[in-house]
Amino acid sequence: MISEASEVDSLVMSTCRLHLDASFQVFKLLSDPTTSHPLAARRCQEVGSHWKAALFRLLESRDMDEAHRLFTRIPSPSVQLYTMMINGYSRTNRIDEAFRLFGCMPVRDTAAWNSMIKAALDCGDSSLGRKLFDEMPERNVISWTTMISGLSRFGWIDAAAELFSRMPRRDTASWNAMISAYCDNGRVKDARLLFEKTPQPNVISWTAMIGGHDQNGESDKALLLFHKLWSSGTKLTPSTYACVLTACANASELGLGTQLHSHTVRTGYSSDAFVSTSLVNLYAKCKQIEDSIQLFCERKERDVVSWTALITGYGLNDRHEDALDEFNKMIASGMRPNQSTFTSALNSCCGLEALDRGKKLHATTVKLGLELDVFVGNSLVVMYSKCGDIEDGLMLFDRMDGRNLVSWNSIIVGCAQNGYATLALKLFDGMRQVNVQPDEITYTGLLTACSHSRMLERGRLIFHLLKHDSSVQVKLEHYVCMVDILGRCGNLEEAEEFIRNMPVEPNSKIWLALLGACRMHANIEVARRTSKKVFDMEPDSSAAYVLLSNIYASAGRWNDVSQTRLMMRCRGITKVPGSSWITLKETRHEFVCGDRSHPMAMEIYKKLDWLGVKLKELGYVYDRTFALHDVDDEQKEAALAHHSEKLAIAFGLISTVEGSTIRVMKNLRVCGDCHSAIKVISQVVGRRIVLRDSTRFHHFRDGLCSCGDCW
DNA sequence: TTAGGGTTAG
């Protein structure tokens, strides 16, 4: 016999989770009308609430199977319990089960209908959501607001606005839903107009509008609006702080961010997960990575978002090794990375040009079923192409399901940088066939492809398309590309004319592109005029001095070379030394010209001597015009033979498996003699050699280079 | 703790 209420409670509570059947017996006993216990009726109600609490706990832990087991044992569940179950199924993306349960409900109130509508919209079934909304017997303000938010998530902003205009009654939440809908769909001006008209805006309205400005690239406006909110004396919520701190991060407003950090400490909000992550992000973006690390370490609980913020932060601060270490720590801790984590980690692989580690990450995305996610797919395509493995980039792109503009841009730019110009142009045709509208980046990629392959007429055509594409703005970088195309193709005068007729003021990059072309075509006259322009604009940059000096050196005008070098010295400008590196087993081996510091220097030079003999046997002659010192021919030859890229390749040859691809990076543009020599080396050793210089990739194979000698 | 609006990384 059950005697005390507390005993019942504790018995039910303790048995609910693990001993459902025993618990059910207790419930049945209490519900039985033959039980003559005086407290039975009240207990029955109380125990009912305990069932609710138990169900809530299971739903909260997303344990839908256990929740279902519990639910089926409850005699005549209330409409609330049904609705709780529908919400649970919705949160776990089990729309079919939610709908089945909704169909079984003996009675439905408006809340149940609203939950079912939300479930349909959240699970991606917009037609079901709309059908339920149209069929429901009685709509309230929440039904309308749920629909507006749902339609917005599908990008159907006009349909959402139409519903908003038809609402019989609106409250602040409805206005907020519509403001957010506009912001989320990039219509921040419409959002702002609505915000200004909102009858009784609350802190949520303000937060939505601040976040809306920030997420649409208007962080300054976001902060101006925040100052207004601050002046009004409104009590801020953790959400508002999270939002404003992010705007500070995006606007690099470290001062305001630090002040707000202090406020969050005083208000006790700094331990809020969202606020804390915003702070990690703030300090990382403002280049205070040590503060960022400290805040992350102080957190009680780490989640995937804060961990990703830290990994991204390391990347932003050029600490790519640390970023990848942190990623590994995250995996070791059992935390599951998501799309964003991979995006950041893969970006760090690009920063290190670490194809091996990029490939490991790729394998992990496959294991986690994220490989074909569009964000991960795009990051993988970029990683492969930036690490010089464009073939794998292309294979992945072909397998991707939902390609977006970024996917197309990634592969087009990747092809352009890797010397696959014709393919880049073909991909552009494919992109237009599936109605993906190009943007500024697409055109830059296409023009780069044309410039790298000296495709003058295609370049002109692309530039014409760009000028007449009303949805794209012609930017300075496009003019740089066009000057590069004209210059590389030898049309130096036309390039000068093109610059004169530009509707915007040319910058130093434009003139440098022309100067580079002068170097290629040994045009001293244009080079003099052009270098003067760069000297005026950027007196401290070494690039123009080096180019001019090299132009003189190639022509054997050693007096002019000395004059240029003297000018550099007088102005305190130093040339960046050329260096090349190769990464083997996650270790970077770097070389400069004539370097003998490597532990394997002896073997490297022995290999180079051997290569020198083989090259001569094949009739290869050193191109002395690239030896840019006024010394005799024998010395020039020795200097050329020991250029950094050749040292790195020789090291690669003796340290890797026969027949495997060698990947070398160089900080400057590859020298012309090395380019010719590496072509022959690829033939002699029967290997593919990939060399990334400061402007592009060269794929050497069987005596040829992918750039078609247009570097 | 039956239903709607604002928040963190990318």
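Note that this is a predicted model, so its numbers are computed, not measured. Protein chains get the first letters and strands the later ones, always in sequence-line order, with residue 1 at the start of each.
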Minimum-distance nucleotide to A/Lys118 side chain [options: B/dT7, B/dG5, B/dG4]:
B/dG4
How many whole angstroms separate atom CG of A/Leu260 from atom P of B/dT7?
17 Å
Can you identify which nucleotide, out of B/dG6, B/dA9, B/dG4, has its nearest atom closest to the A/Ile142 side chain?
B/dG4
Here the distance between atom C1' of B/dT2 and atom CG of A/Asp109, to the nearest Å, is 7 Å
So which of residues 338-346 of chain A are in contact with DNA chain B, with a heavy-atom cut-off of under 4.0 Å?
A/Asn338, A/Ser340, A/Thr343, A/Ser344
Just checking A/Thr240: base, sugar-phosphate only, or nothing, at a heavy-atom cut-off of under 4.0 Å?
base
From CG of A/Asp122 over to P of B/dT2, roughly how many Å is that when rounded to an integer?
18 Å
For the side chain of A/Asp171 and the base of B/dG4, is some donor closer than 3.5 Å to an acceptor across the two?
yes
Hey, is the side chain of A/Asn281 poking within less than 4.0 Å of OP1 or OP2 on B/dT8, counting only N and O atoms?
no
Check A/Arg130 with A/Asp125, please: is the shortest side-chain N to carboxylate O separation under 4.0 Å?
no
Rounded to the nearest angstrom, tell me the gap between atom CE in A/Met178 and atom C1' in B/dG4.
14 Å
So A/Ser174, base contact, sugar-phosphate only, or nothing? Heavy-atom distance under 4.0 Å.
base
Heavy atoms under 4.0 Å, any strand shown: does A/Ala208 hit a base, just sugar-phosphate, or nothing?
sugar-phosphate
Of all the nucleotides listed (B/dG4, B/dG6, B/dT2), which has the minimum atom distance to the side chain of A/Thr145?
B/dG4
Let me know the distance between CG of A/Asp373 and C1' of B/dG10, rounded to the nearest Å.
11 Å
Candidates B/dA3, B/dT7, B/dG5 - which lies nearest the side chain of A/Asn176
B/dG5
Is there a side-chain contact between A/Gln215 and the phosphate of B/dT8, meaning an N or O under 4.0 Å from OP1 or OP2?
yes
Between B/dT8 and A/Lys285, is there an OP1 or OP2 to side-chain N/O distance shorter than 4.0 Å?
no
Has the side chain of A/Asn114 got a donor or acceptor that lies under 3.5 Å from a partner of the other kind on the base of B/dT2?
no
Base of B/dA3, side chain of A/Asn87 - is there a donor-acceptor contact under 3.5 Å?
no
Base, sugar-phosphate alone, or nothing: which one does A/Asn202 contact when heavy atoms must sit under 4.0 Å apart?
base
B/dA3 C1' sits how many Å from A/Leu59 CG, rounded?
15 Å
Please give, in whole Å, the distance from B/dG5 C1' to A/Met147 CE?
16 Å
Aromatic plane relationship, A/Trp230 with A/Phe226 - under 30° parallel, 30 to 60° tilted, over 60° perpendicular
tilted
What nucleotide, of B/dA9, B/dA3, B/dT7, holds the atom closest to the side chain of A/Cys243?
B/dT7
Using side-chain hydrogen bond (donor to acceptor under 3.5 Å, both in side chains) as the criterion, list what pairs up with A/Thr146, not counting sequence neighbours.
none
Expressed in angstrom and rounded to an integer, what is the separation of A/Asp214 atom CG from B/dA9 atom C1'?
13 Å
If I compare all heavy atoms of A/Arg192 with all of A/Lys228, which pair ends up nearest, and what's the gap?
NH2-NZ, 4.3 Å
When rounded to the nearest 0.5 Å, the distance separating CG of A/Leu101 from CE of A/Met85 is 6.0 Å
Does the plane of the ring in A/Trp206 sit parallel, tilted or perpendicular to the ring in A/Phe195? Use 30° and 60° as the thresholds.
perpendicular
Out of B/dG5, B/dA9, B/dT7, which has the shortest distance to the side chain of A/Thr308?
B/dA9
Could you list the residues that satisfy side-chain hydrogen bond (donor to acceptor under 3.5 Å, both in side chains) with A/Glu371, not counting sequence neighbours?
A/His362, A/Arg399
Check every strand shown and say whether A/Val275 touches a base, only sugar-phosphate, or nothing at a heavy-atom separation below 4.0 Å.
nothing
Any side-chain donor-acceptor pair under 3.5 Å between A/Arg62 and A/Thr92?
no
Answer with base, sugar-phosphate or nothing: what part of the nucleic acid does A/Thr172 contact at a heavy-atom distance below 4.0 Å?
base
Can you tell me how far P in B/dG5 sits from the matching atom in B/dT1, rounded to whole Å?
14 Å
Can you confirm if the aromatic rings of A/Phe164 and A/Trp144 lie within a centre distance of less than 6.0 Å?
no
